[in-house]
Number of protein chains: 2
Amino acid sequence: MSETQQPQSLRAVLGVRELIFSGSMRPGERLSEVALAKQLEVSRTPLRAALARLEQEGLLEPIPSGGFAVRGFSQDDVIDAIELRGVLEGTAVRLAAERGVQPAKIQIAQRLVAALDEVTGNSPEETLFEKYVDLNAEFHALLADLSGSPIVQKEIERVTRLPFASPSAFLDAQSQLTSFRASLQVGQAHHRAIVEAIELREGSRAESLAREHARLARQNLALAIEHQDLAKRVPALALVAI
Amino acid sequence: MSETQQPQSLRAVLGVRELIFSGSMRPGERLSEVALAKQLEVSRTPLRAALARLEQEGLLEPIPSGGFAVRGFSQDDVIDAIELRGVLEGTAVRLAAERGVQPAKIQIAQRLVAALDEVTGNSPEETLFEKYVDLNAEFHALLADLSGSPIVQKEIERVTRLPFASPSAFLDAQSQLTSFRASLQVGQAHHRAIVEAIELREGSRAESLAREHARLARQNLALAIEHQDLAKRVPALALVAI
DNA sequence: TGACAATTTCCTGTATACAATCTGTATATG
DNA sequence: CATATACAGATTGTATACAGGAAATTGTCA
């Protein structure tokens, strides 16, 4: 029927996510199913499935009388979500260290760190910056994988799906700062040390490092809140009441 | 139409959960929507919503060609889920200690510990045992609440929803063991120490204790696996391939 | 007898129609 | 003038019908 052969429900999920992140819907605002269905050119059935899914993801909250509203997040929520990511990534790398990982995977991690080094060392041009964002996301996904635990990995993915808790959430804002390079260097030091700790089976050190690494995001959050112009470069902050 | 005024979708969630936990459906088995709908006396629409929800809960897994299957868990998955609960409860009590909690809530925790003491001290009659299970669940729910972080609290609820990761999962099996009383005393010591640590703002100690406390469940898991007769008293283990 | 292919059956994903409930407004009454 | 009530509109929750596709069964051929 439709020219896109993508499942309608997936299109609905992507569409609503986009609408929420773009800030077109205020937190607390009730979502009209019929209006959304019309706007996204989708029937109500797959749209409803999408809304239920986004509620589980934490982007929507159910209204007692029925239907869903855009969930608003407080500044504390953002802090806690970042803290939680640090805790979970810390657990992943601790388990990796304690239980051991295949040498092949360690090598992949080392190569990723080297690639990040390359990008970090050079001048912060835009193209390289985007490359950094990708590599960074890849590295963090690998950390979750190194745990060897699908349960832990899935949970990290879930928390990371909250947009402001993602490892890349504040990179774009950060790139505008003069302290950009320095901060990236610190992050890179963390990356390198985490891999080394896993290699040496130093679980506690790996865990501590991952937690401290997540604190960088919290630091950038504070900066973004101080400078309104920076906050505008973090679309996920549209959900956060300031 | 139906005599129960409960929403159909809720009935569907409860019904499917019950069917899965009772072990009537083998892991990996595809769920037929029409059959389930007929069995639960619900239309396909709310049933579908229920299946999608249970997938997010982790009880079902999507089949590439469409539909859902009962998710099977390995022994390692159970271990990791318990570990994860320990980590998250540890985070909750650490945050409680670091950030502080209202004295009123501390008092509630202390009263719960006292109530658990009362039950633990006496002879392990059945009625008291059930009381213990309730109080224990209440205590662990309170720990999540003490974090003061809705984000952390929600995440604990989610992990705990995996039946074998719940704080009460192995209590029933444990009650059959001669070492029952001793184990309960150890758990109680943990409970008491955790509350004390929160009171004294000793975050690290509180976190360690909560993690160690979760290890009791892992210990009981090992016992249950050794003794098949015990495993039968843990319905959640129907999902676990042994 | 076994393998392959075609047909048939069944299943899911989607659309739409219907029913029940909730919300907001306007009116009537104390 | 304030409050309660009733009615109308809108919105969600549910049921069912339909279409596309996967899987199984059966029949045929080597």
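By convention in this document, chain letters (A, B, ...) are assigned in the order of the sequence lines, proteins followed by strands, and residues within each chain are numbered from 1. Not measured: the values here are computed from a predicted model.
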Rounded interatomic separation in angstrom, taking [atom1] from [X] and [atom2] from [N]:
X: A:Glu29; N: D:dT11; atom1: CD; atom2: P; result: 13 Å
X: B:Ile63; N: C:dT12; atom1: CD1; atom2: C1'; result: 10 Å
X: A:Phe68; N: D:dT12; atom1: CZ; atom2: C1'; result: 10 Å
X: A:Glu33; N: D:dT14; atom1: CD; atom2: P; result: 11 Å
X: B:Leu31; N: D:dA23; atom1: CG; atom2: P; result: 16 Å
X: A:Leu10; N: C:dG13; atom1: CG; atom2: C1'; result: 13 Å
X: B:Arg11; N: D:dT14; atom1: CZ; atom2: P; result: 10 Å

Note to self: So if I take residues 34-54 of chain B and measure heavy-atom distances to DNA chain C, which residues fall below 4.0 Å?
What the structure shows: B:Val34, B:Arg44, B:Arg48
Item checked: Result of checking A:Val101, A:Ile194, A:Leu146 against A:Val93 for side chain to side chain contact (heavy atoms under 4.5 Å, CB included) ->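 Exactly one pass, corresponding to A:Ile194.
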Item checked: Criterion side chain to side chain contact (heavy atoms under 4.5 Å, CB included) against A:Leu51, the qualifying member of A:Leu59, A:Val13, A:Leu31 ->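 With A:Leu51 as partner, side chain to side chain contact (heavy atoms under 4.5 Å, CB included) holds for just one option, A:Leu31.
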Next item on the list: State the OG-CD distance between B:Ser168 and B:Glu138, to the nearest 0.5 angstrom.
Entry: 11.5 Å
Can you give each donor-acceptor pair under 3.5 Å made by side-chain atoms of residues 78-89 of chain A, sequence neighbours left out, with the distance rounded to 0.1 Å?
| unit_1 | atom_1 | unit_2 | atom_2 | d |
| --- | --- | --- | --- | --- |
| A:Asp80 | OD1 | B:Arg99 | NH1 | 3.0 |
| A:Asp80 | OD1 | B:Arg99 | NH2 | 2.9 |
| A:Asp80 | OD2 | B:Ser149 | OG | 2.8 |
| A:Glu83 | OE2 | B:Arg94 | NH1 | 3.2 |
| A:Glu83 | OE2 | B:Arg94 | NH2 | 2.6 |
| A:Arg85 | NE | A:Ala165 | O | 2.5 |
| A:Arg85 | NH1 | A:Glu89 | OE1 | 3.4 |
| A:Glu89 | OE1 | A:His140 | ND1 | 3.4 |
| A:Glu89 | OE2 | A:His140 | ND1 | 2.9 |

Checklist line | Heavy-atom donor-acceptor pair, B:Asp145 side chain to B:Leu142 backbone, under 3.5 Å | finding: no
Notebook entry, point to check: Within a radius of less than 6.0 Å around CZ of A:Arg26, do more than 12 heavy atoms belonging to other residues, nucleotides or ligands occur?
Noted result: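 No, because the 6.0 Å sphere around CZ of A:Arg26 holds 12 heavy atoms or fewer from other groups.
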Check: Are OP1 or OP2 of C:dG13 and a side-chain N or O of A:Gln8 less than 4.0 angstrom apart?
Finding: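 Negative; the distance criterion is not met.
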Notebook entry, point to check: Can you check whether B:Ser65 has a side-chain N or O nearer than 4.0 Å to OP1 or OP2 of C:dT12?
Noted result: no
